[in-house]
Number of protein chains: 2
Amino acid sequence: MVNLSPTFSPLYQQIKRLMIQALESGEWRPGQAIPSEQELAVRFQVSQGTVRKAIDELAADNLLIRRQGKGTFVASHADPRALFRFLRLTPLSGEIVPLKSEPLDCWRAKAGQEASRNLGIELSAPIIIIRRVLKHESKPIVVDEIYLPGEIFSGLNIEMLRDWQGSIYGLFESRFGVRMLHAREKIRAVAADRNVAETLGVPEASPLLSVERVAYTYGDKPVEWRRGLYSTAEHYYLNELS
Amino acid sequence: MVNLSPTFSPLYQQIKRLMIQALESGEWRPGQAIPSEQELAVRFQVSQGTVRKAIDELAADNLLIRRQGKGTFVASHADPRALFRFLRLTPLSGEIVPLKSEPLDCWRAKAGQEASRNLGIELSAPIIIIRRVLKHESKPIVVDEIYLPGEIFSGLNIEMLRDWQGSIYGLFESRFGVRMLHAREKIRAVAADRNVAETLGVPEASPLLSVERVAYTYGDKPVEWRRGLYSTAEHYYLNELS
DNA sequence: GAGTGGTCTAGACCACAGC
DNA sequence: CTGTGGTCTAGACCACTCT
């Protein structure tokens, strides 16, 4: 097929876009298998190789997971392997154990300047704020404030957070249909104020990691803004540069 | 071809290994073009598609860079785009400008326990230690200590560091034939001691990012261990979670 | 126009999982 | 045994770069 280039987009990219639509619309749900490559080739009227290339990219983006002999599955935050992708905190010594989340508070508010900018919503639009602590063997390691667009997460309350076993992104995925796909973190070192020091059980003015995150769903739409303060006395933030 | 599985390795993986050998041996040098896909297909006696798949992976690993219409090139730290891969420090406001490196000191020593473990060398093996400062518009932002295996970097001295324009990994690559391929960083928050505070021009006990890095060359061999202290008053460490 | 990487196809066959 | 993803091939054609 000829293309006359300024708007050239390879077939497999177009297929990829169609598949993202199927994911976003909920036609294919987290944890479930999508149709086989053969079926998709028929559905989209292209060869299997072209479908494969589209799936390859979606798998590289962590939207899909391939399992030889079994099928291709929609990635899910319910999968424990997804956990470490978004919280790379590791004990200085000892095993990597998932931290236990304890919600402290959850309330409604109106978006200020910062929340509005980071979440891409109107000033004074409704937002939900969560405060929580993450503990390692009952020792507080992280204190978090999470800002969510009220429109998308309406109905969220502290009881839901308390009852939920598993990662908070798992909750967002299964209760609100919001899938966090990637995030950008800005990391700095700050001094603990009195309040935080008390919550984390460290001396006032102790150095803490400040981790500010914006997380995005389909179409690079920001849907979460959070700021965490990490006590790194007995943990470190692990990052792979590759 | 039949394979009877326990030792199964796809052809393109074998080709990939051969290509890594060509890179490691210096047959193909940083910045230069490697042979075309057609030539490689002939050389390795496989189809172009198989060569492509091998190259695809090497490009994904940042060992090669494809340029449509021009060829496939060996990635180089001389390429300014490679810079940000290993130093993700961004000003809170303003443009991303490469930091300027000022070596403070460079001396020989024997590996202690930590250096020996991190560099995978014998206790008391010769090492080289570099102390330096990175500045942003003549303001010190980072103070670094870099530990290198003396055997590989023999001949390195502070004059070389002073004369070199560009990233230190560019120096390692072009003068010592050592190519840093990936790294692992452990990030914590610490308080500035008197010495460091003076060097960075911040109050004593100020919170700083402590970034400890081990960098690896071919075959996941560790060849650099460093610890940096970052002043994050006006910069942050940017991390993409994907 | 010549050469390079990039796309797409159709078909054969292999490895893996589960029945 | 069947269905799934994974590998490999051979060939045609397109897009990009440089001469």
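Convention: sequence-line order gives letters A, B, ...; per-chain numbering from 1.
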**Prompt:** Would you call the rings of B:Y169 and B:F172 parallel, tilted or perpendicular if under 30° counts as parallel and over 60° as perpendicular?
**Reply:** tilted

**Asked** A:E37 side chain: which of C:dC8, C:dT7, D:dG6 is closest?
**Response** D:dG6

**Request:** Could you tell me whether the phosphate oxygens of D:dG5, OP1 or OP2, come under 4.0 Å of any side-chain nitrogen or oxygen in A:K70?
**Result:** no

**Message:** Which label fits A:H235 and A:H136: parallel for a plane angle under 30°, tilted from 30 to 60°, or perpendicular past 60°?
**Reply:** perpendicular

**Message:** What is the separation between atom CG on A:D56 and atom C1' on D:dG5, rounded to the nearest whole Å?
**Reply:** 10 Å

**Asked** To the nearest angstrom, how far is B:K53 atom NZ from D:dC8 atom C1'?
**Response** 10 Å

**Request:** Take B:N239 and A:Y237 through the side-chain hydrogen bond (donor to acceptor under 3.5 Å, both in side chains) test and state the conclusion after the steps.
**Result:** CA-CA 11 Å; B:N239 196 21; A:Y237 180 110; 2.8 Å; yes

**Length of the line joining B:Q68:CD and D:dA15:C1', which is rounded to integer Å** = 5 Å

**Message:** Both A:Q13 and A:G69 contact DNA chain C. Which one's nearest nucleotide lies toward the 5' end?
**Reply:** A:Q13

**Prompt:** Between B:Q45 (CD) and D:dC8 (C1'), how many Å, whole number?
**Reply:** 14 Å

**Request:** Flag the pair A:R184 and B:E240 as a salt bridge only when some basic side-chain nitrogen lies within less than 4.0 angstrom of an acidic carboxylate oxygen.
**Result:** yes

**Message:** On the nucleotide C:dT7, are OP1 or OP2 found under 4.0 Å from the side-chain N or O atoms that A:T50 carries?
**Reply:** no

**Request:** Could you state the atom-to-atom distance from OH of A:Y12 to C1' of D:dA15 in whole Å?
**Result:** 12 Å

**Request:** Measure from CZ on B:R66 to P on D:dT17 and round the result to the nearest Å.
**Result:** 15 Å

**Request:** Return the value, rounded to whole Å, for the distance between atom CD of A:Q48 and atom P of D:dG5.
**Result:** 8 Å

**Asked** How close or far is atom C1' of C:dT7 from atom NZ of A:K16, stated in whole angstroms?
**Response** 15 Å

**Item:** B:E37 bridged to B:R52 by N-O distance under 4.0 Å
**Value:** yes

**Message:** I want to check one thing: is the phosphate of C:dA10, taken as OP1 and OP2, less than 4.0 Å away from some side-chain N or O of A:S47?
**Reply:** no

**Prompt:** Among the nucleotides D:dC8, C:dG5, D:dG6, which one has an atom lying closest to any side-chain atom of A:R52?
**Reply:** D:dG6

**Message:** Any side-chain N or O of B:S36 below 4.0 angstrom from OP1/OP2 of C:dG3?
**Reply:** no

